[in-house]
Structures are given as structure tokens and as C-alpha cells.
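Have a look at the structure below, then the notes.
Naming: A, B, ... by sequence-line order, numbering from 1 per chain.
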2 protein chains.
Amino acid sequence: MKGVSDIDAGALAGTATFQLGTLGAIATERFSTAIGAFGLKPKHAGVLQVLLLDPLISQQELAHKMGVAPSLMVGLLDFLESAGAIERERDPADRRRQVIDVTDEGERLYVLCARAAASIEVELLAGLGERAEGFRKLLANVAEDFGLPTRDTR
Amino acid sequence: MKGVSDIDAGALAGTATFQLGTLGAIATERFSTAIGAFGLKPKHAGVLQVLLLDPLISQQELAHKMGVAPSLMVGLLDFLESAGAIERERDPADRRRQVIDVTDEGERLYVLCARAAASIEVELLAGLGERAEGFRKLLANVAEDFGLPTRDTR
DNA sequence: CCTATATCATTCACTATCTGAATGATTCTT
DNA sequence: AAGAATCATTCAGATAGTGAATGATATAGG
């Protein structure tokens, strides 16, 4: 039965789709473990990231940018609030909305997340040697194509 | 309050860790949608991929390679079996084990998955233009560093 | 040989994560 | 002023995953 149909047994694993998906899962898992040390999960870090780049956003827009249901966002923000990372108060201009403020503690936690991610990046790209920088640039280009926030490199 | 602590608001989003994680999620979600058309989920495709590259593996090893609990693997294989993609029979040499055979139907489904992944890859890398091939090579290098199965390019 | 221990697949109870459909408050439109 | 739309929130349920038993089988030591 082998040699008759003779499939390319690496066709799937060879795609960038598969590799991105799998490496992304590895990256996120490591990130999750690292920031778990101070009580956060990747989605919490993502919320802080979006909020710092887009401070006056509504919870609806926040949920939309992160690709989750608004009902899930409530719980994520509840957690961040109880951790002292954000504060919510009704928008006086539109009392349906909440104005979300990232506190100093929130910024502190964000910086810790960014450091953890930077340290994991080193591990992930270690095997690339001097080609790591080129890979980073191309990856950032793809990220930008898909609307991910880009680093301010001014 | 702005300008006092003055955080780098793109520090996290700028890391390859964050970008890999997010793009990986996008890749997997698109892949999931595509292969959902013929009833599979990404983990099922992953199982077929591992099995085709490593046919005599035990369920334990399979679960270990995929980073899931053996108890989860049972359900994934039950599904693939009921879909006609694999067959299980007790290993006569060690009757605790199951010998897992990928059927013709399993190979057919695998090829469909590989095609879907290839087509999504084109979308993902479209913005890279002629630099896509370079990115693909670097990504494959990283994948190999982390033990992902590599395409046979003989 | 036979008893201990280990290993395999499987089941089961439980937890975590996420969604979509209500709900109530508020705002917008006309 | 009324009806439609929008916001945050709650809630019930779906889905995916884990770790701890369980029973069958295999292996190692005395």
C-alpha cells in the first residue's frame, strides 16, 4: 500500500501556515508561563497593549480589535481592575461607555510583560544567528499587513 | 500623568514573541475555517501529519509530540476513526498498544489540509512580495530548531 | 515461576475559555 | 416623545483541555 498513492508526507508541515501556527502556539505558551509569574495571562497583556496605544477606546472596540466577544472583555477588564492595573469610570459624555484608564501599576505590569516577551524572543530566534534581525523585520512587515500595532521606531 | 513615567507603548507589540503568537493565531484560525469545510479541526490535521511521518508511533508518543494529554488523544483518534481516516488495532507484539493506520481516506483528507494550508500561506505572505521566499526559509529554520517536522526537499 | 512494578489506552469528573442571546441603561433619530 | 440603536453586563451553554482513576498487559527481580 506504500508506493501506490505515495503522498508527500511533509506537505502540511512544510507550509508557513502550519509553522506559524505551531511556533505561535509555542511563543504564546512560553509567554503565558513567564507572565503567569505575576498573575497575568496573554489576553490581559494584549488588553494592556491595545489600551496603551489607543487609550480612549470603548470596550466594544477593544473586544473587536482583539477578536473576542464583548462579553469576554468584561471579565478580562474585571480582572485587570481587581489587580489594580486599570480603572473604569462612566464616560460623562456618553454614560453607556466606560472610560478605561491604565494605572501606574498597569504600566508596570505592561513593562514586565514586554521584558518577558523580549527575553523569549531571544530564545526563539537564537538558532538564526545573524539572520535573526532580517527575520524580525520580515515578521514585523507581515504583522503590519494584518493590522497588528507596530513598534514606534522613531 | 502622561510624560512623567513615559512608557514605550509599543514595546510588547514590537516583539517577535507577540507577533508570532498573534499571527500564529490568525493562521490557525484561517486554517481551522478552511478545513472545517470537510469536518476536520487543526488538531486532527496535526495528528495525520505526525502519523504520516512516524507511522508506528504509540498514542502516548503521539500525544507527547503534539503537546497534549494522552486522554485528549483518545478522542481525537476516535473522531478520525469514525471519519474513516484511520484504523486502530491492537499491536500483536504488545497488546497494550494500538497500531494506527492512516487509510486512503485519511491520506485524501491530509492532502486537502495541505492544500488549504498552502493557499492560506499565499494570503499570509502576499504583502512580502519577492521577500516571501526568504521569510519562508527563515521560518522553516526556526521551525526546525523547535523540532517541527521539516518538508522533504529531496 | 510469580509477584511487584510499570506502561498503555481509556474513562471520568472537573476546570478554563469562549460564545451568543437576553437585559437594562443610555443615546440617537425623526 | 417614541422607537430604534448602542453600550456594558449577566447568564446559560458549548468546547477543549487536564489529571486522577481503571483495567489490561508487559517487564523485572527474587
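Here the side chain of B/Gln59 is nearest to one of D/dG17, C/dT19, C/dA9, namely C/dA9. You'll find that the side chain of A/Leu72 is closest to C/dT19, out of D/dA8, D/dT25, C/dT19. Listed nucleotides: C/dA9, C/dT17, D/dA8. Nearest to the side chain of B/Arg90: C/dA9. Looking at the side chain of A/Asp94, the nearest of the listed nucleotides D/dA8, C/dA9, C/dT27 is C/dT27. Checking D/dC11, D/dA20, D/dA8 against every side-chain atom of A/Ser71, the shortest atom distance belongs to D/dC11.
Contact between the side-chain N/O atoms of A/Arg96 and the OP1/OP2 oxygens of D/dA8 is not found at any separation under 4.0 Å. Distances shown here put a side-chain N or O of A/Gln60 below 4.0 Å from the OP1 or OP2 atom of D/dA8. At least one side-chain nitrogen or oxygen of B/Lys43 sits closer than 4.0 Å to the OP1 or OP2 atom of D/dG17.
A/Lys137 has a carboxylate O that lies under 4.0 Å from a charged side-chain N of A/Glu133, or vice versa, which qualifies the two as a salt bridge.
Atom CG in B/Leu76 sits about 15 Å away from atom C1' in C/dT11, given to the nearest Å. In this structure, CG of A/Leu77 is placed 15 Å from P of C/dT17, rounded to the nearest angstrom. Atom pair B/Arg88:CZ and C/dC8:P shows a separation of 16 Å (rounding to whole Å applied).
If A/Asp78 and A/Arg97 are placed on DNA chain D by their nearest nucleotide, the residue sitting closer to the 5' end is A/Arg97. Mapped onto DNA chain C by nearest heavy atom, A/Gly67 and A/Arg95 fall at different nucleotides, with A/Gly67 at the one closer to the 5' end. The nearest heavy atom of DNA chain C to A/Pro92 and to A/Val68 marks one nucleotide each, and the one closer to the 5' end goes with A/Val68.
With its glycosidic angle within 90° of 0, C/dA4 is assigned syn.
Looking only at distances, no side-chain donor or acceptor of A/Ser119 sits under 3.5 Å from a matching main-chain atom of A/Arg115.
Separating the CG atom in A/Leu62 from the CG atom in A/Leu77 is a distance of 6.0 Å, to the nearest 0.5 Å.
Base pairing analysis places C/dT5 opposite D/dA26; the two distances defining the Watson-Crick or G-U wobble pair are each below 3.5 Å.
A heavy-atom distance below 4.5 Å is not found between the side chains of B/Leu112 and B/Ile35.
The ring pair (Phe, Tyr, Trp, His ring centres under 6.0 Å) test with B/His44 is passed by exactly one of B/Phe38, B/Phe79, B/Tyr110: B/Phe79.
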